[in-house]
Every structure is written in C-alpha cells, then in structure tokens.
Number of protein chains: 4
Amino acid sequence: MPKNAIAPQSHWEAFASRRRDPASKREAVLQTAACLFLEKSYRRTSLDDVARRLNITKPALYHYFRNKEDILLGCYRWGTTLIEEGLNRIAADCGSGLAKVEAFIYSYANVMTVNFGRCVMRLDEGDLSSEALAEVRRYKRKIDRRLRSFIQEGIEDGSIAPCDPKLTAFAIAGALNWICMWYEPEGPLTPGEIAAQFARTLTRGLMRPARRAASRRVLAMRAAGGNNISS
Amino acid sequence: MPKNAIAPQSHWEAFASRRRDPASKREAVLQTAACLFLEKSYRRTSLDDVARRLNITKPALYHYFRNKEDILLGCYRWGTTLIEEGLNRIAADCGSGLAKVEAFIYSYANVMTVNFGRCVMRLDEGDLSSEALAEVRRYKRKIDRRLRSFIQEGIEDGSIAPCDPKLTAFAIAGALNWICMWYEPEGPLTPGEIAAQFARTLTRGLMRPARRAASRRVLAMRAAGGNNISS
Amino acid sequence: MPKNAIAPQSHWEAFASRRRDPASKREAVLQTAACLFLEKSYRRTSLDDVARRLNITKPALYHYFRNKEDILLGCYRWGTTLIEEGLNRIAADCGSGLAKVEAFIYSYANVMTVNFGRCVMRLDEGDLSSEALAEVRRYKRKIDRRLRSFIQEGIEDGSIAPCDPKLTAFAIAGALNWICMWYEPEGPLTPGEIAAQFARTLTRGLMRPARRAASRRVLAMRAAGGNNISS
Amino acid sequence: MPKNAIAPQSHWEAFASRRRDPASKREAVLQTAACLFLEKSYRRTSLDDVARRLNITKPALYHYFRNKEDILLGCYRWGTTLIEEGLNRIAADCGSGLAKVEAFIYSYANVMTVNFGRCVMRLDEGDLSSEALAEVRRYKRKIDRRLRSFIQEGIEDGSIAPCDPKLTAFAIAGALNWICMWYEPEGPLTPGEIAAQFARTLTRGLMRPARRAASRRVLAMRAAGGNNISS
DNA sequence: CATGAATGAGAGTTCATTCAT
DNA sequence: TATGAATGAACTCTCATTCAT
C-alpha cells in the first residue's frame, strides 16, 4: 500500500525514465489524478491536467489506463481497499460491540484523511459507468452492513444502549464521511487527533451509562499502539 | 448509501400560460434545476435538460437567469435561506445550550431533506465562480459558527459536557449534512422521523450524565409543535 | 425525391438563411456528404469537411443529425428508397420473367449512377453500427430476393433458359453494382446509355434461343417510354 | 450480399523462430494484413491489430515495411501478380476470342476468391498515396484493356456477336469483381464452381447463335485441367 | 534485432452562449 | 417576448510513427 500523498506533491519523477516499474507509474497517475479530482472534481479535471502535472503527454496515460473512467475507478478501488484493510483488522480484534464501533470509527476516520479514501466518499458516483457503479456500491453497502452489525452486536452484548442500528449507523457514517469534505492536510488537526476525538465523541452517545469507563481503556490502547491505517 | 430519487414533480405548469408572474417562473426554473442537479450533478445537467423538463426552449432560460451558474447560485441561495430561517427561530427560542443544539439538529435535518437544502451541501462548490463561492462559503461559515456557539453556550451553562466545540460541531454537522446524500423522498423514513432520531442520538453524546432527563422535555416539545421547515 | 447531384455541386445555398426549410437543409447535408463519401470514403471524410463545403460549422450539423453515422445512414436510406421505387414500378409492370429482369436491370443501372444509389453499394458497410447494418442488409437481401424471383419466374414461364437463379442473380447484380465504381458523371456515357446497353447485354445470356425476338420489343418499348428513374 | 468471413488462419508461426528467412516473414505479415483489411477495412485495421495477430510487436512491422501503406501496397501487388499470371497463361493459350474471354473469366473468378485477389478490387484505393495509386491503376487498366482486346478479337474472328467492347467488358468485369464482395471461403460454393458457372453464364450472352456448341469444349477442357490459381 | 514507451496530430461530440427572426 | 439556429471552445480518445533501451 502506498504513501498517501495528500498535498499536491508531484509524482512526475516516476516518469523520469522510460524504463521504470510500470506499477509505480500507474500509481503515480492515480495519486496525481486523485489530487486533481479532489481539487477540481472529476469532470473539471481534464486528462491534459493530469498529464501536465506528470510531465507527460495525454496519450501516454492510455498506456496505463483504458480511459478516463478507468483512472477514476482505480482511485475508488484503492480507497475501498484501504477501508477494507481497516475493517479486517477490526474483525480480528474481538472486543465488545462498542469496542468494535470505536475501532471502526478510529480506522475509518483515518482513511478519510487519505486522498484515496477521500475519493471514495467525495467524488460523484454519477461519473462511474453502471458496472463500476455497481462495484463501488457493493463496497459501500458492505461497509454499512459491517457498522450496523457492530452496533447490533453492542446492543446485544450490552455495551451499547438500545437504539435504531440503521439510523445510528447513518449518523456515525455521516459524521465520518464528512471528514473528507473539510479535512485539510495542511490544517491544524492531524488525522490521529481527528480520529481519536471522533472515536470518543461518537461513542459517548452510544454507551450505556454504567459502561463509560470501559471505553477509556480502548482509547488509551489505540493511542499507544501504532494502529496507523495509512500503512 | 444509495442513489436517491428526487421527487419527479413537474414544474412546467408555471410556464403553461403566458400571463404568469415572472417570480413564479423563476421559482419553477430553480425547482426543476435543483431536481436535475441532484439527480445528475450540475455538470451533467445541460440547460437543454432543464428547458426540456419545463417545456420551454433554452434561450428562454436566459430571460430569467444570466447564465447557468446564476441558476446554480439561485439554488444555493434558496437553500441557505431555508437554513437561516431555522437558525433565526432557534436564536429566539432561548433555552439552554443543549436545547439550542438539539433544536438546531432538528431544524437542520429537516432542511437536508428538502431539495434546495440538499443542494447547499451536496452540490460541488467548484462549479461556482469565485465570487459566488465566497458568498456561499460565508453562509456556511456562519452556520458553523452558530453551531459552535450553541455548543460553547451549553458547556458554559453546564448542559453540555466539556468537549472541543470545533470537532464536535464537525461531527454533528457531518452527520446532518450526510443526510442529503442518502435521504430518499420515497423511502421509508420521513423527514420528521429522521430529524427526531438524529436530535436524540446526537445530543446523547453531549449531555452531562446528570442532565439527561432534561433533554426529553425538549424533544417532547418539538414533537408537539409544528416546527416544520420544508417550504 | 431530390435532384441527383452527381457532380460535386455546392449545396450551401440551403444554409444561406437561418429561416429556411429544415428539410432542405437536411437534404443539402446528405447530398454534400454523399459526394464526399464517394470521393474520399466515409472514414476519410471529416465532419469538418462536410461543414466546410456547406459553409457552416461542424456543430451545426448536429442540429440535423444525431452523429456522423446518422448522416451515413441517411445516405443509405435515400439510396435504398430510390432502388425500391424502381422495384415497385417493375412489380406493377406485369410482363414475362425476362421482361421483369430486363426492367430491373434498366432501373437498377440508372440508380447506380445517382450519388445516393452509389452510396448503397460502394460505401463500406463496416462503418455502420450493428443496428443500421441490419437495416441495410435487410434491404439488400430484399433486392437480391426480388431479382432471383424474377429469374425463377422467367425460367418457369419459359422466357429464360434454365439456369441457377442464385449464381445468375449474383452475376447480374455484380455487373450492375460495379457501375457505381467506374461511372463518372462527367464521362462520355450517359446513365441512359449504360442502362440500355446493360439491359441488352445481360439479358442476352438469359434468353432461350427461340425467344430472342421477343426481347427486342421490350427494349424498344423502354427506349421509347420515359422510364427514367432519376427522380 | 452478406459479410464474408475470411479464413481465420494464423500466420504467426512464421515468427515463432528467430531464424527464418525474412521473405516468409514479410509474406506472413501480408497474409495477416490482407485478412484484416478484408474483415475490417484498411482504415479500421490498426497496426496493433496486425501485430497482435502475428504475436509480435508493432515496431517489428517497421523492419519489414516502411509504413502502413507499404503493407497495403504489398497486398495490392501480390493480388495483381496473381491476376497477371492468369492473363499470361491465357495469352499463350491461343484460341478464339470467345475462348480467351471464357478463360479470362474462369481465371479471374478464381483469383477473386483468394484474399490477395480480393484486396485488389475490394479495398479502397483512396487509402493509397498518389504514386501507389498510379501504379495500381496502371495494373487495372492493363487488365481492362486485355479483356477488351479479347472481346474485340472475338468480334473480329466471328466467335463473339457484335457489341460495344467497352461496355461489355465493364459488365463482365463488374460481375467478376463483385465476387470478392460476396464470396465466403466457408460458404457452399467452391471457387471452381463459381468460376465455371460464371464462365458459362457470362459467355452465353456473347456468342453468336451458331457457335454455342463450341464453348462447351472450352469448359470441358478447363474442368479437366487443374487450372487452379489459388496460391 | 526487437521492444515498451511516448508523441503529435486529428477526429467526433457536447454544450453554454449568442444571433436573427 | 420568445425561438430555432448557429458557434467556439473544450474534451475524450485513437493511431501511425519514432525514441531509447
């Protein structure tokens, strides 16, 4: 998994030499495209923009991607992979339902500060072809179902106060997804701070009064261990 | 997080007769445009699309709006006005900080289910010219500041547990803004239900343990009074 | 049915005024396009070429046709209509099988000297979409079946010597179709001469020895009557 | 007049081993290109298509041919050579004018079922540069003149009924050339059958009444001898 | 020799905007 | 007032051809 180039750093070095790992060139294209898509939106980003920033010509892009949408889809896939990796770690981390929700929030919030992660939730799905759209929707639904199941689990094991899992999941996911709208790499808040604060704030509303103390431990653990999502 | 069908209501009746006040025609254009912008995004919506749905010709639109962006800006302004009306009601409704936050959530959630309200948070700001963008940003910042001030007020009057007002506001606003992404007019959840549930869920995380009972009263009050925002 | 502009005469007068019969503009586009398609082939003819010759700009073409292929299809349809009109006249002209074949040759040869008719047999079918291709193929098969049925009829009524209708039809159709490859409007041979000669030459090989005299009458009749196919 | 499937034989074996005479590689390229040109037309066939089918890379083609047109010209030349070989055999075969015409038809029809032969008459001359075009035209005119001279000879020696040699040649050549449009290698008709039938049908219209019997002998001779043109 | 990479030129198409009626 | 027609600019994508290794 790649570095998360959040700032519009240039990736054109990957194209400096002809003989160079094609995979790294593909990645350079995706990183650059993700930046531009977030800056100006997919539609306003022309392939010339992408090529110019990489110091190559437009048709060269067609060596690595079938068409513009293929680049977009590449960004989506990279982002959903990041999210999924987080989810898999959490599934293994067998704690209470509340602990899982908290871990989910922490992990997901982190991804929402990585360019590829931001693409998943911020770019307009309408720019995807129907097949690609189906694929992306499948991913998103999966994530949603996981969160709901964590909440359900928490209600059942008593770590979470009774509530409507669907709407609660919407609220949590909304708060998290919106991070990709306001987060700025150069801003004062680090991804870690955001993740930690969101984990605390959003879980507070879920706990049963008696269990509040328990969550503190989870947070402490998280802050100590290097649960860094941006591999 | 599914695609949301915008109410396919037709506004072309406003153009059926020649003698009709221009204001209602302007509104008809905006309503139709808002629908289309939400369905297909601003960029993918051509003026031909708008004109066709209104049963008029494209240049006719230029009688009511200077250009395409002017239509977009009209949608934004209508939406921000809706939000602001809610805010003004709340400012007058002098309760505790927590009560104001709760009222804010209720009001705002409702607006996020109205097309014009959804436009404000869902459409891509990048499609606005720099001046229009500045105007919209001013509005959004104002809303954000209000929410933060309500939270601050709650912390000071003791109705809200100590927290970082900025990040807390981000979390609440995010959960609310995201409504406009998943809400479907034809779906099972009514705006009122969503608003009430979100008000309850999101405020639970804010309260000081001892004060929980207080919030119940606010919700009851709200359910009784017809604080209906939808234009 | 239009004049058959064989020479590359200019049709731009149709676009001289904005307010002008759209149908005539459509026709002007088709006439011009047919000329260019025959001159340079469909692929080498750019829409700019067509527009330039009509003294309009490229996007203006999109007012009258959905896309480039639509223009091509328009040419095909016009041509097949010309052919079909001839066929219908012959069906009504109830003579012997041989007489029908002869009339077919005469009529068809004439069409092969008209631009739209030439398009049908000379342009590359591979440039059509699969649907359009199916439509054109349907037409061509129909023509082929008609010719074979005329031959069969002639064999049965004794006016044509026994032969394989399929291969004979191929030979006749081939000789006729090839006209569109070598015919030049400015050349020494007039469409009428070509048609008459081909009718005579190609039917000679079909007749039963005893019946030769009969065909002379048909030819005489044809030469006298104004069975002119070009509009 | 259906689409005709070109024998999908693969010629890439010629490139399987490095040690292979360049001539056979050149031929492999031409065979493959001819197939593709007939399938999809010259313009729609990219050099990538050719290279892919030969299991080599695109620039490798430039070792054997100067450019794309050079490949096209190679196909034309191969085809015209095939035709010419037939003509030379006939010139030596000193029979009556009618016999020569018949032999011409038989030989030419056969060539029209071979890919290279089909290329000559089916591909778009407009894709040739002016020099190459001149060369190809020279060949074609030569063929046409030969046919006309055979007819003239026949008229003079009394084996052919008086007619206009030019138009008669056009009719015969057209019927033959069109074979390359409808012939299918996998179809029910073999090249030999087609050639024989066309020779019979087309000469019937030329003969003087008294001489019909003579032609039978020519055909019988042809059927016996292996005058097979297909390389 | 052979190849992956890169390019320049050009095509079709869309669309906001403006003219002319 | 309102409209059909027209345009210019922009964008995606293709492909023959040539480098550089």
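In what follows, every heavy atom counts, from backbone to side chain, and hydrogens, waters and symmetry copies are set aside. Chain naming here is simple, since letters A, B, ... match the order of the sequence lines and numbering starts at 1 in each. Bear in mind that the values here come from a model prediction, so they are computed numbers and not experimental data.
Atom pair A/H63:NE2 and F/dT14:C1' shows a separation of 12 Å (rounding to whole Å applied). Going from atom CZ of B/R52 over to atom P of F/dG4 covers 13 Å, rounded to whole Å. Put simply, CG on B/L73 is 17 Å from P on E/dA16, counting in whole angstrom units. Atom NZ of A/K40 is separated from atom C1' of F/dC11 by 12 Å (rounded to the nearest Å). B/Y64 has its OH atom 19 Å from the P atom of E/dA16, to the nearest Å. Regarding D/D48, its CG atom lies at a distance of 13 Å from the P atom of E/dT3, rounded to whole Å. The CZ atom of A/F65 sits 13 Å away from the P atom of F/dC13 (whole-angstrom rounding). Taking atom CD1 of residue D/I56 and atom P of nucleotide E/dT3, one finds them 7 Å apart after rounding to whole Å.
Considering only heavy atoms from C-beta on, C/V50 comes within 4.5 Å of C/T45 through its side chain.
The partner of E/dT17, taking Watson-Crick or G-U wobble pairs whose two distances both stay under 3.5 Å, is F/dA6.
Each of D/N67 and A/R44 was matched to the nucleotide of DNA chain F holding its nearest heavy atom; the match closer to the 5' end belongs to A/R44. Ranked by how close their nearest DNA chain F nucleotide is to the 5' end, D/L47 and A/R43 are led by A/R43.
Here D/K58 does not reach the OP1 or OP2 of F/dT14: none of its side-chain N or O atoms lies under 4.0 Å away. Contact between the side-chain N/O atoms of B/Y62 and the OP1/OP2 oxygens of E/dT17 is found at a separation under 4.0 Å.
In this structure a side-chain-to-backbone donor-acceptor pair under 3.5 Å is missing from D/S41 to D/F37. Distance alone, capped at 3.5 Å, is enough to place a donor-acceptor pair between the A/Y42 side chain and the A/E69 backbone. Side-chain atoms of B/R122 never come within 3.5 Å of backbone atoms of B/R118 as a donor-acceptor pair (strictly under, hydrogens ignored).
Counting only heavy atoms from C-beta on, D/P59 has its side chain closest to E/dG4 among E/dG4, F/dG4, E/dA16. Of the candidate nucleotides F/dT3, E/dC15, F/dC11, F/dC11 has the atom nearest to the side chain of A/S46.
Using a cutoff of 4.0 Å between basic side-chain nitrogens and carboxylate oxygens, C/R43 and C/D124 are not scored as salt-bridged.
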